[in-house]
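A short write-up of the structure that comes next.
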Amino acid sequence: MAKFASESQVDTDRRQLTVRCYRTMSRIAESDQAIQRALSAGELQFQYYPVSGQEAIPAGLEPLLNRDDYAVITYRCMHDIVAKGTPLKEIMAEMYGRASGTSKGKGGPMHLSDPNSGLMVTTGIVGGGLPIANGLAWASQLRRDGRVTMVSFGDGATSTGAFHEALTLASIWRLPVVFVCQNNQYAEYTSLAEYTRLPSFALKADGYAMPGIRVDGNDPLAVHDAAQDAIDRARRGEGPTFLEAVCYRLQGHAFGSDESHMDKLTLERARAEAPVQAFRRRLLAEGLTSEPELAAIDAAARAEVMEAIEFARQSPLPGPEELDSDVFASREDLPGETRSARTRQAGSPSASRRITFSAAVTEALDIALARDQKVVLFGEDVADPAGGVVKVTKGLSAKYGSERVRSTPIAESAIVGAGIGAALAGLRPVAEIMINDFLEVCMDQVANHAAKLRYMSGGRTQVPLTIRTLTAGFVGSFGAQHSQSLEGWLAHTPGLKVACPSTPFDAKGLLLACIEDDDPCVFFEPMRCYFTPGEVPEGYYTIPLGEADIKRPGSDLTIVTYGWTVAESLVAATGLAREGIAAEVLDLRTIVPLDIPALLESVSRTGRALIVHAAVEFGGFGAELSALLNERLHGRLKAPVGRVGARYTPVPFSQGLEPLHFPTASRIETAARKLMEGGRSC
Amino acid sequence: MLTLLRIPKAAVSMQEGTLVAWLAIDGQFVREGEPIYTLELEKSAMDVVAPASGVLKHAKPAGSVCPVGEVVGEIVGEG
């Protein structure tokens, strides 16, 4: 008898699962169609990526994912969002760009997120979500909270570098991730046959020593059963799985797109077997449900969607005050003159002693790791015995364990993405990108994701990530691809904070401030200063971001600078003093936030400004400073604002040339002298 | 319930389109999802489907060149 009872229980469970899958598919289809109706009627006007043909995939996953399991998805997203449990009203309001949307209308249809339902990121960048999923999963692994991260992407994403980097890291770290490739047979307008010779993407999983499963993505139960194994495996700590769900996109790439790139006959056949209707017919044929039950599900879904659309229509647009909120945690950090004077949050630093810049960085990391369990440190070679290429992290993995101080593959997008994900999950990750020139290979993660997620989520998520990176200019021997100063690129991307310390004291205090900050910070460590000693207090202290420091007072001109050119400027100032010229050296210390009040105060006092940075002068951050000074102080300046930056060439290797490229003390001195003579600086 | 029919934005670069032909006549009852007019874009054409069920009313004749967002008709539904 017991046996019969349990069999009947199995049947009941299967029936309930089946109906549950159908309900999800119905809600997805109604939502997808409602938006397309509004687009058809011309009521909405945006690029929409229909999900018809892909409804079964998230429907099969839905019963397996808990509300607090993380999801990272891609812009063809309506099905994934609905299935993850985001309220339809908030989804529709976001699609309509309304204040009541998931992201207050600031993310839009390609950038929804809803942390309440575990939906952490929807990315508009193909492949961009995979590295971030790793970070969320890493946080779960560290916390042993049993959560799984599901990342969903199209077949096109398998061609990207981010895909390769993410699977590489997930594999070696055995992260609890399920990579769900929704193979809809087209990468935008290009068919599978045109861009891959692989018969199945699941084969790729072999290359990462993880299970690769190919499943019929038109059948929610097949997806469910395959995903069950993958999710169980992840929860057991056995690592990631690659799941390829094969379906067929039943429309063109976007709403209104022509379908000439799709084979007519195949499309017709696929439409005849559209997964929602096919599953509906199957349920009836197998006697698992009745037509009235299904009709009731469809009617309820339709009513819910219509109510959500009406809610969206009635909701107000976001007000103008929303424009510049959620760029940073605080509006005070936006470029502007409203920054309030901040007090230095000194701990109780005890005795000061002379240590190098490099030792000050190590000390800051050591203190951060000791003070806060949420701090994790990772990057290429950072763990012992290497302890970093310049030994800055030496001893830290031995002291804090290899879970919190971790070396990574040479995969910068995977590194930054993991940092973003871990930060989204509430950790305080410190990622190392060895040399800042390597930021160029992971700029998508830095600029499209870390910088923008707070804003795109309407302030519902944040990325308290610190990226430490070396600038290795003017130390000789590194040449064009290891010597640049790219801070200006980052400053040009709203949402990133940029610290450029010049002394051991500033390095320690600013790095601790960056790690504690709720926004993504990029912390530049100039190798030219690395072994220069300076006074540094023992123990904990921070220096607020956005507070410039007068490194040498003067009354005749202000040399505005940051990073390693502070030292060059101080040498120049000493030379100028011998001629009776009193140059003030103003060290900005951070360029975002920018201490505009200190800048204006100093330059209005001296009447002359010479801007100095190691970055290329043409189009550099100095141009912004110069424009700002001219706009604010025109008429009060005794001479035009001058600039000395690197010459417009890649950084040369030869010692016959490198000193000609960079702003040396003698170039600064010459420019300052010209400025004092009332002429142009160069 | 009244549903206005505006020229949809059917491509990123689309500024205007031509209402080439009405596929349902003025005063006809149309069902949601049925094609109601053909819209010609620069390089392609699409059949725009009824966003609602009801009686179709034409506001622009076939052959009209209309900017995105222009009202070309309406559907008067029940209720």
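Every chain is numbered from 1 and lettered A, B, ... according to where its sequence line falls, protein lines coming before strand lines.
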message = Using 0.5 Å steps for rounding, measure from the CG atom of B:L39 to the OG atom of A:S40.
response =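 These two atoms lie 10.0 Å from each other.
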Nearest heavy-atom neighbours spanning [X] and [Y]:
X      : Y     : value
B:P8   : A:L39 : CB-O, 3.0 Å
A:F255 : B:M46 : CZ-CE, 4.2 Å
A:D258 : B:S44 : CB-CB, 4.0 Å

task = Side chain from CB out, backbone as N, CA, C, O: work out which of these in B:E32 comes under 4.5 Å of a heavy atom of chain A, or both, or neither.
result =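 Contact with chain A involves the side chain of B:E32 alone.
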Residue B:V72 versus chain A: region with a heavy atom under 4.5 Å =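 B:V72 has no heavy atom closer than 4.5 Å to chain A.
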key: chain B interface, residue from A:A38, A:A254, A:G256 that has the most non-hydrogen pairs under 4.5 Å   =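 Of A:A38, A:A254, A:G256, A:G256 has the most heavy-atom pairs under 4.5 Å with chain B.
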ask   = If you count heavy-atom pairs under 4.5 Å with chain B, which of A:Q33, A:R302, A:Q36, A:E259 comes out on top?
value =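 Heavy-atom pair counts peak at A:R302.
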Within 6.0 Å of [atom1] in [X], more than 12 heavy atoms from elsewhere:
X      : atom1 : result
A:H492 : NE2   : no
A:R313 : CZ    : yes
A:R271 : CZ    : yes

inquiry  = Using only non-hydrogen atoms and a strict under-4.5 angstrom cutoff, which residues of residues 44-57 of chain A touch chain B?
reply    =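 The residues closer than 4.5 Å to chain B, in numerical order, are A:Q45, A:Q47.
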